[in-house]
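The structure appears right after this line, and notes come after that.
Predicted model, so just to flag it, every value in this text is computed and none were measured. Positions are given from 1 along the sequence.
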Amino acid sequence: QVQLVESGGGLVQTGGSLRLSCAASGRTFSSVTMAWFRQASGKEREFVAAVSWNSGTTYYADSVKGRFTISRDNAKNTMYLQMNSLKPGDTAVYYCAAEFSTLTRLILTRGRFYDYWGQGIQVAISS
């Protein structure tokens with residue numbers, strides 16, 4: 001059974017930084033696409049960033065490009081999201097997700113294509 005466990009959330013001031021981690025277990029990680037999504041209160045879930053596990057190719061939502069960096073540590077089966085220059089609009093519950101296939105750029109932004117999800121972690125940015 002695949003498990004994804006997020007950590008690293010919290011409350012920071014505008015302009016601050018946080019690093020989220022997503023530790024994965026339960027299956028050999030190859031040809032995996034992993035991603036971060038977020039859902040703010042009263043809003044729909046939205047794509048934040050994704051990484052192709054084998055190639056390391058990364059993808060970002062326009063709203064976070066240049067501020068957030070997604071990365072992975074193959075040896076630890078862990079994905080990270082370094083978030084800098086945080087804004088109140090980044091406040092949300094952040095979820096990591098995994099799909100054991102190489103998703104194309106066209107669909108990796110869509111949550112319904114991911115089979116495995118973490119429990120979510122709160123990130124709050126104060127103004």
Nearest-0.5 Å distance that lies between atom CG in Asn77 and atom OG in Ser25: 8.0 Å
Shared hydrophobic cluster, Val2 / Trp117 (ILVMFWY, side-chain heavy atoms < 4.5 Å): no
Other residues, nucleotides, ligands: >12 heavy atoms within 6.0 Å of Gln3 CD: no
Same apolar cluster (I L V M F W Y, side chains within < 4.5 Å links), Leu18/Trp36: yes
Counterpart residues, side chain to side chain donor-acceptor pair (under 3.5 Å), relative to Ser85 (two or more places apart): none
Reported CZ-to-CG distance for the pair Phe113 and Leu103, which is rounded to 0.5 angstrom: 8.0 Å
Donor-acceptor contact below 3.5 Å, side chain Thr33 vs main chain Ser101: yes
Residue pairs passing the ring pair (Phe, Tyr, Trp, His ring centres under 6.0 Å) test where at least one lies in residues 40-62, sequence neighbours excluded: Phe29-Trp53, Phe37-Phe47
Thr14 (side chain) donor-acceptor with Lys87 (main chain) under 3.5 angstrom: no
Minimum heavy-atom distance between Val12 and Ser17, given as atom pair plus value: CG1-O, 3.9 Å
Contact summary for Ser52 and Thr102, nearest pair of heavy atoms: OG-CG2, 4.2 Å
Side chain to side chain donor-acceptor pair (under 3.5 Å) contacts in which one or both residues fall within residues 61-73, not counting sequence neighbours: Asp62-Lys65, Arg67-Asp90, Arg72-Asn74
Over-ring placement of Arg27 relative to Phe100, 6.0 Å and 45° cut-offs: yes
Exercise: identify the closest heavy-atom pair between Ala92 and Arg38: CB-CB, 3.8 Å
Donor-acceptor pair, side chain of Glu99 and main chain of Asp115, under 3.5 angstrom: yes
Shortest non-hydrogen contact from Met79 toward Val51: SD-CG1, 4.0 Å
same_hphob_cluster(Met83, Leu11) at 4.5 Å side-chain heavy-atom cutoff: no
Same cluster (ILVMFWY, side-chain, under 4.5 Å), Leu81 and Tyr95: no
Minimum heavy-atom distance between Leu108 and Ala50, given as atom pair plus value: CD1-CB, 3.8 Å
Side-chain donor/acceptor of Glu6 to backbone N/O of Cys96, under 3.5 Å: yes
Phe68 CZ to Thr58 OG1 distance, which is reported to the nearest 0.5 Å: 14.0 Å
Identified side chain to side chain contact (heavy atoms under 4.5 Å, CB included) counterpart of Met34 within the set Ile70, Leu4, Thr78: Leu4
Co-membership, hydrophobic cluster, residues Val48 and Leu86, 4.5 Å side-chain: yes
